[in-house]
Protein chains: 2
Amino acid sequence: MTLTDVAVKVGVSPITVSRALNRPEKVTDELRETILEAINELGYVPDFAARALASRNSNTIGVLSSMLGSSIFPPVMKGIEDRMRNSGMRIQYVNTSFCAEEEIRLLKEFFAQNPAGIMIGGVQVDPRVTDLLRQAPCPVIQFIDISYPAIDMAIGVDNRAAGKVAIDHLLAKGYRRIGFCSGRVDIPVTMRLESYKERLTQEGLYNPDLVISVSAENPLSLGGEILDRLLAAEPDLDAVLCSHDDLAIAVLFECQRRGIDVPYQLGVCGFSDIDYSAYTVPSLTTVRMPLYRLGYSAANMILRVNEGRKHTEPVDLGFELIERDSTRRDTQ
Amino acid sequence: MTLTDVAVKVGVSPITVSRALNRPEKVTDELRETILEAINELGYVPDFAARALASRNSNTIGVLSSMLGSSIFPPVMKGIEDRMRNSGMRIQYVNTSFCAEEEIRLLKEFFAQNPAGIMIGGVQVDPRVTDLLRQAPCPVIQFIDISYPAIDMAIGVDNRAAGKVAIDHLLAKGYRRIGFCSGRVDIPVTMRLESYKERLTQEGLYNPDLVISVSAENPLSLGGEILDRLLAAEPDLDAVLCSHDDLAIAVLFECQRRGIDVPYQLGVCGFSDIDYSAYTVPSLTTVRMPLYRLGYSAANMILRVNEGRKHTEPVDLGFELIERDSTRRDTQ
DNA sequence: TTGTACGCGTTATCAA
DNA sequence: TTGATAACGCGTACAA
């Protein structure tokens, strides 16, 4: 079932059918309707590859990220899809590992598709990846973090500022011996950590032994390890700032198991405000990132480029400290 | 940068370069090496669309599911990608809504890509969707549930049997007034629910008012509603079987808030064994589904079809009751 | 083992 | 407003 079949049925040339679909305004209303009817009757669906080859544009937007399987991704994904629906664009999700070689391979492969845009999550630090992105044959949006110089467009959160708000909150609540734990140390984590170091150093409270990085298939399994390591370094530990809500919740659960009183004995704070955070007991204080809007707006920016309206300035979506029970104690 | 550019550089015809890539055994070792070198030097990457058009095969495998954003999907995704890596196949994830019209549209659009295979999660009940899948131009694997007749291939879990194991466990633990709550009622849920009804009816314990369905953007928010509705129907409720761990955990959290003693006052059991389930306090009894293997094996089945080795029988991956603290009480 | 000729289904370009 | 022709980059079929 091809364009030609439709054309024959209607008695026009294939290019007219093509136009009826792609540039409806260039075909008489009447003819267009006849054509669309025929298309419906015959069940014609345009061939994706032929279109991409002839027009040198696949109408495909790649979403490359190492977090596709993470708990923060679903709302981002929903935002992207809500905006892209009926835009004629296809979305191609690509999981990236943390290996630069692999990412380069994936990017090159993706470029071979004549993509209409790339959304890349997190910011790659390897200069080869950065170079490749700079030469991308399509608009590139980096999302999640904007405290780092952008390659093309960028949207997200100023993680340095978010980190400062979190650590300031813990200090305001009277916590003094505060640990920092993260999973893999990527750019957002680095930015949050810098604020942590800076503020605690200012207060004369910084202890490098209280900064730890942990990893496992399942972040929820790390609660015990985090507490063990931090308490070994500082038996009087009174708070933990976690780079992600998953880890913070792991700590909350472990505190319950050990009978550690949160927030009085130990304050706990995370980042992101995932679905679980409002409902744990005690509920988790966190810095909320507007994840749905992140996806929606990033998609919007890509689509806007085609209309010639391109954001050149990084878009700061802001964040919000959500104070909940895991740090809600009387100021000492 | 095209095949021809490489061919010119090496001094052969384009088709030879094509063969060096796709049928390496049909080209002299020496020549092949020269060609591969040139490809590397020039940074040539095959054009995806041209390939798909000429060969009438996009080497793309679609993963269509309404659960791409759910907490059970990440391990499935990882399994799929681990198996597909270096297979030359591309994976296209497509979020389906629960609307049949929309799914039909998405399927037709996807068929226009000359796909190499389709993995479709959950089983669609609409006959139009089923018909469309039966006429698919590629192998189709239904995954997640196999207690329903398969269209082509199927892999997953017998949810009817899993439901029976769960309800039997609750009965064995002495629970008698057992509620069932689910989110959207899809095929797996229906199957689990049937076992629940059947067993409780056998025991003379079935009460239709204790079967409820709830929904919200965030399943974690539903703990209060679930308990309210079930307790209103049966003030002496002593257990809840949830169609998914997310909901069960929402119930656990709400019990903590209300001071309801789990497992003594109320037993709680879920399905899937997601990352959180082993670490909540109390930990959650659940029926573990081999999600990683589900993805890996489904991908494997698709790839095997090309080698002419096709599973026609549904593949039952089995499941396992994981008894944890949310039902661990002395049998009464 | 390598090459020639052609076709895949669509769109760009230019002409009518 | 519509059409003829060529091209997109690659793979198939067959020939050398």
Side-chain angles (χ1 to χ4, degrees), chain A residues 1-36 38-39 42-60 88 90 108-116 137 306, chain B residues 1-36 38-39 42-60 88 90 108-116 137 306:
Chain A
M1 193 52 51
T2 74
L3 212 50
T4 309
D5 296 324
V6 179
V8 167
K9 170 157 179 136
V10 179
V12 294
S13 77
I15 186 65
T16 306
V17 179
S18 169
R19 276 196 279 253
L21 287 170
N22 302 326
R23 302 198 188 334
E25 75 281 2
K26 304 206 120 196
V27 171
T28 341
D29 288 4
E30 193 188 3
L31 181 51
R32 186 174 60 245
E33 279 194 21
T34 319
I35 291 175
L36 293 181
I39 285 176
L42 296 176
Y44 164 76
V45 182
D47 183 287
F48 176 74
R51 242 182 194 183
L53 181 59
S55 67
R56 298 177 247 340
N57 180 352
S58 65
N59 285 327
T60 295
R90 309 169 43 75
K108 284 194 177 156
E109 194 181 285
F110 189 70
F111 289 165
Q113 264 185 93
N114 294 315
N306 297 327
Chain B
M1 193 51 52
T2 73
L3 213 50
T4 309
D5 297 323
V6 179
V8 168
K9 171 159 177 131
V10 179
V12 294
S13 77
I15 186 63
T16 306
V17 180
S18 167
R19 277 197 278 252
L21 287 170
N22 302 325
R23 303 204 187 323
E25 76 281 2
K26 302 205 122 198
V27 170
T28 340
D29 288 2
E30 195 187 1
L31 181 53
R32 186 174 58 246
E33 280 193 22
T34 317
I35 291 176
L36 293 181
I39 285 176
L42 296 176
Y44 164 76
V45 183
D47 183 286
F48 177 72
R51 233 176 204 191
L53 183 58
S55 67
R56 291 173 267 315
N57 182 350
S58 64
N59 285 326
T60 295
R90 309 169 42 76
K108 283 192 179 158
E109 193 181 286
F110 189 71
F111 289 166
Q113 265 186 88
N114 294 317
N306 298 326

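Protein chains get the first letters and strands the later ones, always in sequence-line order, with residue 1 at the start of each.
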When you check the phosphate oxygens OP1 and OP2 of [N], does a side-chain N or O of [X] lie under 4.0 Å from one of them?
X: B:Thr16; N: C:dG3; value: yes
X: B:Thr2; N: D:dG9; value: no
X: A:Ser55; N: C:dT10; value: no

Rounded to whole Å, how long is the line connecting atom [atom1] of [X] with atom [atom2] of [N]?
X: A:Arg51; N: D:dG9; atom1: CZ; atom2: P; value: 19 Å
X: B:Leu21; N: D:dT12; atom1: CG; atom2: C1'; value: 16 Å
X: A:Asp5; N: C:dG9; atom1: CG; atom2: P; value: 9 Å
X: A:Gln113; N: D:dG9; atom1: CD; atom2: C1'; value: 15 Å
X: B:Asp29; N: C:dT2; atom1: CG; atom2: P; value: 10 Å
X: B:Asn114; N: D:dC10; atom1: CG; atom2: C1'; value: 14 Å
X: B:Lys26; N: D:dG11; atom1: NZ; atom2: P; value: 14 Å
X: B:Ile15; N: D:dA13; atom1: CD1; atom2: C1'; value: 10 Å

Donor-acceptor pair under 3.5 Å, A:Arg56 side chain vs D:dG9 base: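 Between D:dG9 and A:Arg56, which were checked side chain against base, a qualifying N/O pair under 3.5 Å is absent.
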
Side-chain donor/acceptor of B:Arg23 to base of D:dG11, under 3.5 Å: no

What's the closest nucleotide to the [X] side chain, out of [options]?
X: B:Asp47; options: C:dT1, D:dG9, D:dT2; answer: D:dG9
X: A:Ala50; options: D:dG3, C:dG9, D:dC10; answer: C:dG9
X: A:Ala54; options: C:dG3, C:dT11, D:dG11; answer: C:dT11
X: A:Leu31; options: C:dT11, D:dT12, D:dT2; answer: D:dT2
X: A:Leu3; options: C:dT10, D:dG11, D:dA4; answer: C:dT10
X: B:Ser13; options: D:dC8, C:dT4, D:dG11; answer: C:dT4
X: A:Thr28; options: D:dC10, C:dT10, D:dT1; answer: D:dT1
X: A:Arg19; options: C:dT13, D:dG9, D:dA13; answer: C:dT13

Verdict with supporting geometry, A:Leu3 and A:Ile15, side-chain contact (heavy atoms from CB on, under 4.5 Å): CA-CA 8 Å; A:Leu3 212 50; A:Ile15 186 65; over 6 Å; no

Value rounded to 0.5 Å, distance of CZ in A:Arg32 from CG in A:Asp29: 4.5 Å

Considering all heavy atoms, the nearest B:Leu21-B:Pro46 contact: CD1-CG, 4.4 Å

Non-hydrogen side-chain atoms of A:Asn22 and A:Arg51 separated by less than 4.5 Å: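 Yes - at least one pair of side-chain heavy atoms lies under 4.5 Å apart.
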
Side chains of A:Thr60 and A:Asn114 in contact at under 4.5 Å (non-hydrogen atoms):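 Sidechains of A:Asn114 and A:Thr60: no contact.
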
Sugar-phosphate only, base, or nothing, as touched by A:Phe48 at under 4.0 Å among non-hydrogen atoms: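 No contact.
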
Sugar-phosphate only, base, or nothing, as touched by B:Pro14 at under 4.0 Å among non-hydrogen atoms: nothing

Derivation of the side-chain contact (heavy atoms from CB on, under 4.5 Å) call for A:Thr16 and A:Leu31: CA-CA 9 Å; A:Thr16 306; A:Leu31 181 51; 3.8 Å; yes

